[in-house]
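What you see is a predicted model; the values in this text were computed from it and never measured.
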Amino acid sequence: MQTSESRIEPAAVILEAARRWLEPVRGALDTDFLAAYLTGSVLSAGFDPAHSRVNVLVVARTLPSTSLDRLAAAIPADKKPPHFEPLFLSQAQILPSLDVFPMEWLDLIERHMRIEGEDIFSSLQVPRTWLRHQCEHELRGKHIRLRQEYLASGGRTDRLREVLSRFASGFHTLFRTLLRLRGDEPPASTERVIEAVADAYGLEARALLGAWMVRYSRKTDGDDVKDLYRRFMVEIERLIAAIDTLRVS
């Protein structure tokens, strides 16, 4: 059941598995447990537990170093899907980090699902002053890494395929933020997010979809992968130029 344009309800089996995963973790934290949330791609259309991990944010009142061994021992081993990727934060870490990680916090605020505990998000506001700068920083860094990986690949298409597949998930939050910078609400579907970014910033949608297509499709041959990779780099460079001139209040 869809709850908003940017978030959908996860499958019941995923939600049940998340609650089972949380039970021993909550017990290890004891009175320090504050809240737990599902975040990330599990709240997006087309989530596939065979390829993606279930992101869980666990917030504790405190996380002293003396409690870490006990907490580590309580984290369940997930030998078969769904696999969980937990992020543990203390309550004191949140407010001071809003201006350091504005993109990540904005995505969490606008797309999360509480599993248990208190609502910590209703009172949070992300300073947007450095949001555009973080987007540009991320884009420039990723573009440099894409070019370096291409040069280091020695023309091996299997390596280029692996790089594009790995980078695909990393661009998703960034693309969602780029839509928010324009005042748009990101769609729940990854493909629609990418198409919306292409439309908003005057880019070629098919080229921008290149990394996503390689990650989830095995139909591309070697020449196709190289072409997609190069075209993807071109569109990221064009996107950087557009963000560089973007002014937000």
Side-chain angles (χ1 to χ4, degrees), residues 1-45 47-128 130-131 134 169-170 172-174 176-177 180 186 188:
M1 178 177 65
Q2 186 163 329
T3 57
S4 74
E5 281 296 309
S6 60
R7 198 204 87 177
I8 66 167
E9 290 282 353
V13 65
I14 297 293
L15 188 55
E16 291 169 7
R19 288 176 173 143
R20 288 195 303 271
W21 179 94
L22 179 62
E23 187 174 354
V25 172
R26 185 189 61 232
L29 288 170
D30 196 23
T31 57
D32 272 328
F33 175 79
L34 189 64
Y37 303 85
L38 290 179
T39 66
S41 62
V42 71
L43 302 177
S44 299
F47 172 79
D48 184 355
H51 293 93
S52 302
R53 291 180 173 268
V54 179
N55 296 108
V56 183
L57 171 64
V58 179
V59 182
R61 290 181 173 84
T62 62
L63 278 173
S65 58
T66 53
S67 70
L68 296 185
D69 286 340
R70 183 177 71 252
L71 180 57
I75 297 175
D78 47 3
K79 297 181 180 179
K80 60 181 181 179
H83 299 292
F84 291 88
E85 187 75 36
L87 171 63
F88 293 91
L89 293 176
S90 68
Q91 190 174 18
Q93 286 181 290
I94 295 176
L95 287 178
S97 67
L98 293 180
D99 60 342
V100 182
F101 304 112
M103 185 171 69
E104 291 81 0
W105 275 113
L106 184 60
D107 194 64
L108 285 170
I109 289 170
E110 296 191 4
R111 188 173 56 149
H112 65 269
M113 179 178 181
R114 181 165 37 154
I115 305 173
E116 192 173 331
E118 299 181 15
D119 180 7
I120 66 166
F121 286 104
S122 59
S123 61
L124 295 183
Q125 291 188 342
V126 174
R128 295 180 179 247
W130 296 105
L131 189 59
Q134 187 186 7
S169 60
H172 184 63
T173 298
L174 182 54
R176 293 169 61 83
T177 305
R180 294 187 183 109

Candidate pair F101 and V126, rule side-chain contact (heavy atoms from CB on, under 4.5 Å), full reasoning:
CA-CA 9 Å; F101 304 112; V126 174; over 6 Å; no
Candidate pair F33 and L22, rule side-chain contact (heavy atoms from CB on, under 4.5 Å), full reasoning:
CA-CA 11 Å; F33 175 79; L22 179 62; 4.0 Å; yes
Pair V56, V25 - check side-chain contact (heavy atoms from CB on, under 4.5 Å), show working.
CA-CA 11 Å; V56 183; V25 172; over 6 Å; no
Begin from the C-alpha positions of R176 and R111 and carry the test side-chain contact (heavy atoms from CB on, under 4.5 Å) through to its verdict.
CA-CA 11 Å; R176 293 169 61 83; R111 188 173 56 149; 3.3 Å; yes
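Note: L71 CG to R26 CZ = 13.5 Å, rounded to the nearest 0.5 Å. In this structure, CZ in F121 is found 5.5 Å from CH2 in W105, a value given to the nearest 0.5 Å. Here the CG-CD1 distance, from L124 to I109, works out to 5.0 Å after rounding to the nearest 0.5 Å. Interatomic distance, L57 CG to E104 CD, rounded to the nearest 0.5 Å: 12.5 Å. Rounding to the nearest 0.5 Å gives a distance of 12.5 Å between CZ of R19 and CD1 of I14.
D32 places no side-chain N or O within donor-acceptor distance of the main-chain N or O of A60, the cut-off being under 3.5 Å. Within the 3.5 Å criterion, the main-chain N or O of R53 finds no donor-acceptor partner in the side chain of E85. Remark: the backbone N or O of A28 is paired with a side-chain donor or acceptor of R70 at under 3.5 angstrom. Between the side chain of S97 and the backbone N or O of I94 there is at least one donor-acceptor pair closer than 3.5 Å.
Heavy-atom minimum distance, F88 versus Q93: O-OE1, 4.4 Å. Scanning both residues, S44 and A188, for their nearest heavy atoms gives CB-O, 3.4 Å. Heavy-atom minimum distance, L38 versus A18: CD2-CB, 3.9 Å. S67 approaches L63 most closely through the heavy-atom pair OG-C, 4.2 Å. Across all non-hydrogen atoms, the minimal contact from G40 to N55 is CA-OD1, 4.1 Å. Closest approach of T31 to R61, counting heavy atoms only: O-NH1, 2.9 Å.
Between H112 and Y37, the ring-plane angle classifies as perpendicular under the 30° and 60° cut-offs.
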